[in-house]
Novice: 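Take a look at the following structure, please.
These numbers come from a predicted model, not from an experiment.
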Amino acid sequence: MGEMETAPKPGRDVPPKKDKLQTKRKKPRRYWEEETVPTTDGASPGPPCNKKNRELRPQRPKNAHILKKSRISKKPQVPKKPREWKNPESQRSLSGAQDPFPGPAPVPVEVVQKFCRIDKSRKLPRSKAKTRSRLEVAEAEEEETSIKAARSELLLAEEPGFLEGEDGEDTAKICQADIVEAVDIASAAKHFDLNLRQFGPYRLNYSRTGRHLAFGGRRGHVAALDWVTKKLMCEINVMEAVRDIRFLHSEALLAVAQNRWLHIYDNQGIELHCIRRCDRVTRLEFLPFHFLLATASETGFLTYLDVSVGKIVAALNVRAGRLDVMSQNPYNAVIHLGHSNGTVSLWSPAMKEPLAKILCHRGGVRAVAVDSTGTYMATSGLDHQLKIFDLRGTYQPLSTRTLPHGAGHLAFSQRGLLVAGMGDVVNIWAGQGKASPPSLEQPYLTHRLSGPVHGLQFCPFEDVLGVGHSGGVTSMLVPGAGEPNFDGLESNPYRSRKQRQEWEVKALLEKVPAELICLDPRALAEVDVISLEQGKKERIERLGYDPEAKAPFQPKPKQKGRSSTASLVKRKRKVMDEEHRVDEYWDGPGLPQAAPSCLCLCPCQPATSHCPCVLPLSGPQDKVRQSLQQQQQQQKEAKAKSTGARPSALDRFVR
């Protein structure tokens, strides 16, 4: 049998057979690969060998940064990217559309001015460059802060309430039952009436956050509660007449003016202090930013007690008899006292005399109240008149209304509403807005109580009016009375115990000294020039010389024979000539009239304060001014002598 022919095995010399499908199929090109260069004729790429099933990977570019492992730090080394200049016009959103309103949204100028606290109409004072730069930076920061505050005003979703009648109906005829029936359940729960006729009449006070209520009866009943949840905090009977009651910086401390002395209690009803130096107190006022408790007594003394250290800051003798009418100005912390001679005096603990006295009524003053902006003051007297005064320097009455029985108690709300208690009737007047005074022509609301009124106060951040009367305590609903939005960092009604403690620490660190209480708080940022000059004069008298005076010129010694006596005298004479250099350029008959406190070196133009050649006449220039005045006087005397002699033809050449 013949042997069968076998196919030669593929070796090095014999190329393998190619599959038809393999020759026709092309390799897929990835998007990161470059186009392949065609091979020469007859050349074949060769078998794939072991790389048949392995995917192609992108090649690393030549200029790529290679991350190196660091033996010291375990943090990965990130290569620095080259800075690329981008065209802002070419930036688009993810969808590819261009923003039709690029940049931040514009803010109205009126809204920004409401939050601006710097008067740009006043120019910066002339000072050193470093001080001017600091003032400019502070002004820029203040402007940026006011813009941010104006933008964040959009987040204040709450709006003030209002009350409107149907078809021109008078809102004063709407009673509290109708308001409670119209509002929601949460607002209706804020209206309540505590029947405490056994221990009345009552004085009341709300905390700064508006969450807690404290009231004290004339027969010794003292209580504090969370009036929103109706949770009682404490209730005691001091077995003594209570004339006034006030919360201190927080709801944890309570000041009670009892018949004899002033007592301090905590929110559990435990007596902490008995201040015997404050005796027979009739009215209390607390200044929250100064931590001062102001007391008015029957003996005619106005006392300031610093509750942070427990010391009396000032005890002022008003010399006006019994003090039972007192109110504070929330804007500048000035105390307003009403007297029996019809005047209202303004007091500060830094002065032993009143800052101002205003004649308000023909009879005694019964009540005083100041609005939250410190602009308007309302007073009522025995002449049955209710007046509103302007406190912006004029102290003139803006409006007057005669009441049938006269108002015994007055109070302003945060939104500018004015309430007056006349017997057992409460009248409320409203204005055009927060910045405008209330109109006394037509009352906004009217309510009749079960007894005579003895205390009034609007609840902060709520449309609620608290009334203390002989029959107990009544909480009324007054739409539009309170500020709808509160500052969570300053007066937060929902703060926890830990937040209250942190706020107390910050408030103590930011406490304002009692010496800074004045009529115009903006004057604190200005320089008192009179006191500065007086202090400088006293310092010169005490030392015997002026430490700020310029020392005489003393030439410094030089080397290599240049410190001879003649050289020193020459340098001194040169400095003296520089000080008197104005004489060489002066051709006029006297000092310039446009700027008497300056001296101009330009003979070709009149002297002005903006001229670059003007020199102030201070220091060494005083000598120049004296010498010029002497020359002017000598010229006048020479002319006076020459008038008696016979004129000569050569007088034209005389200068």
Side-chain angles (χ1 to χ4, degrees), residues 119 282-290 292-297 299-304 313-383 385-400 407 409-412 416 418 435-438 512-531:
D119 188 7
T282 57
R283 290 292 179 266
L284 295 173
E285 285 291 343
F286 183 72
L287 309 179
F289 299 105
H290 305 76
L292 293 179
L293 180 64
T295 63
S297 62
T299 57
F301 275 86
L302 175 63
T303 308
Y304 289 88
V313 176
L316 308 176
N317 187 3
V318 182
R319 296 186 294 272
R322 175 188 172 93
L323 300 177
D324 54 357
V325 178
M326 182 172 67
S327 178
Q328 67 159 314
N329 189 339
Y331 175 68
N332 52 16
V334 173
I335 295 296
H336 294 234
L337 296 178
H339 307 292
S340 58
N341 57 359
T343 61
V344 173
S345 58
L346 282 61
W347 293 85
S348 168
M351 302 289 292
K352 293 184 178 180
E353 297 295 330
L355 301 176
K357 279 187 177 182
I358 309 171
L359 180 60
C360 300
H361 299 275
R362 297 180 180 178
V365 180
R366 297 183 61 186
V368 176
V370 185
D371 70 333
S372 58
T373 61
T375 307
Y376 305 107
M377 178 183 68
T379 61
S380 65
L382 294 176
D383 53 358
Q385 285 190 347
L386 174 62
K387 295 183 179 181
I388 297 179
F389 289 84
D390 189 357
L391 297 180
R392 291 173 292 186
T394 58
Y395 302 105
Q396 297 296 327
L398 300 177
S399 58
T400 305
H409 301 273
L410 298 173
F412 273 99
L418 176 63
S436 61
V512 182
E515 295 80 10
L516 300 183
I517 298 178
C518 57
L519 284 177
D520 188 8
R522 296 173 297 179
L524 299 175
E526 299 179 357
V527 179
D528 190 358
V529 181
I530 299 177
S531 300

Novice: Can you tell which of His361, His336, Gln385 makes a side-chain hydrogen bond (donor to acceptor under 3.5 Å, both in side chains) with Thr379?
Specialist: His361
Novice: Report yes or no: does Asp324 contribute a side-chain atom to a donor-acceptor pair with the main-chain N or O of Thr282 at less than 3.5 Å?
Specialist: no
Novice: Is there a side-chain contact between Val313 and His290 in this structure, where contact means two heavy atoms from C-beta onward sitting under 4.5 Å apart?
Specialist: no
Novice: More than 12 heavy atoms of other residues, nucleotides or ligands under 6.0 Å from CD1 of Ile530: is that the case?
Specialist: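 No, because the 6.0 Å sphere around CD1 of Ile530 holds 12 heavy atoms or fewer from other groups.
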Novice: Distance-only, no hydrogens or angles: does the Gln328 side chain make a donor-acceptor pair with backbone N or O of Phe286 under 3.5 Å?
Specialist: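 Yes, the answer is positive, given that a donor and an acceptor are paired below the 3.5 Å cut-off.
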Novice: Nearest 0.5 Å please: distance from the OG atom of Ser348 over to the CG atom of Asn329.
Specialist: 12.0 Å
Novice: What are the two closest non-hydrogen atoms of Arg366 and Gly381, and how far apart are they?
Specialist: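 Heavy-atom minimum between the residues: CD-O, 3.7 Å.
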Novice: Any idea which heavy atoms bring Cys360 and Val344 closest together, and the distance?
Specialist: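 Closest heavy-atom pair between Cys360 and Val344: SG-CG2, 3.6 Å.
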Novice: So, taking the atom named CZ in Arg283 and the one named OG in Ser327, what distance separates them when rounded to the nearest 0.5 Å?
Specialist: 11.5 Å
Novice: Report yes if some heavy atom in the side chain of Leu398 is under 4.5 Å from a heavy atom in the side chain of Lys387; otherwise report no.
Specialist: no
Novice: Compare all side-chain heavy atoms of Leu287 with those of Tyr304 and state whether any distance is below 4.5 angstrom.
Specialist: yes
Novice: Do Thr343 and Leu359 have side-chain heavy atoms sitting under 4.5 Å apart?
Specialist: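 Sidechains of Leu359 and Thr343: in contact.
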Novice: What heavy-atom pair brings Leu391 and Gly374 nearest, and what distance separates the two atoms?
Specialist: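 Scanning both residues completely, I find the closest heavy atoms to be CB-O, 3.8 Å.
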Novice: Could you walk me through whether Val370 and Val334 pass the side-chain contact (heavy atoms from CB on, under 4.5 Å) test, one step at a time?
Specialist: CA-CA 10 Å; Val370 185; Val334 173; over 6 Å; no
Novice: Take Leu386 and Leu410, measure what side-chain contact (heavy atoms from CB on, under 4.5 Å) needs, and give me the verdict at the end.
Specialist: CA-CA 10 Å; Leu386 174 62; Leu410 298 173; 3.8 Å; yes
Novice: Does any part of the side chain of Leu346, heavy atoms only, come nearer than 4.5 Å to the side chain of Ile358, both counted from C-beta?
Specialist: yes
Novice: Okay, side chain of Asp383, backbone of Gly363: is any donor-acceptor separation there less than 3.5 Å?
Specialist: no
Novice: Of all heavy-atom pairs between Asn317 and Gly300, which one has the smallest distance, and what is that distance?
Specialist: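 Minimum heavy-atom contact is OD1-O, 3.6 Å.
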Novice: Can you tell me how far OG1 of Thr295 sits from CE of Met326, rounded to the nearest 0.5 angstrom?
Specialist: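 Here the interatomic distance stands at 7.0 Å.
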Novice: Would you give the length of the straight line joining atom OH of Tyr331 to atom CG of Leu519, rounded to the nearest 0.5 angstrom?
Specialist: 11.0 Å
Novice: Side chains of Arg392 and Thr375: closer than 4.5 Å at any heavy-atom pair?
Specialist: yes
Novice: Can you name the nearest heavy-atom pair linking Pro349 to Ala514, along with the distance?
Specialist: CG-O, 3.6 Å
Novice: Which pair of non-hydrogen atoms, one from Pro354 and one from Trp347, has the smallest distance, and what is that distance?
Specialist: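 Closest approach of Pro354 to Trp347, heavy atoms only: CD-CH2, 3.5 Å.
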Novice: Is any side-chain heavy atom of Thr303 less than 4.5 Å from a side-chain heavy atom of Ser297?
Specialist: no
Novice: For a 4.5 angstrom cut-off between non-hydrogen side-chain atoms, does Pro438 reach Phe412?
Specialist: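 Counting from C-beta outward, Pro438 and Phe412 do come under 4.5 Å.
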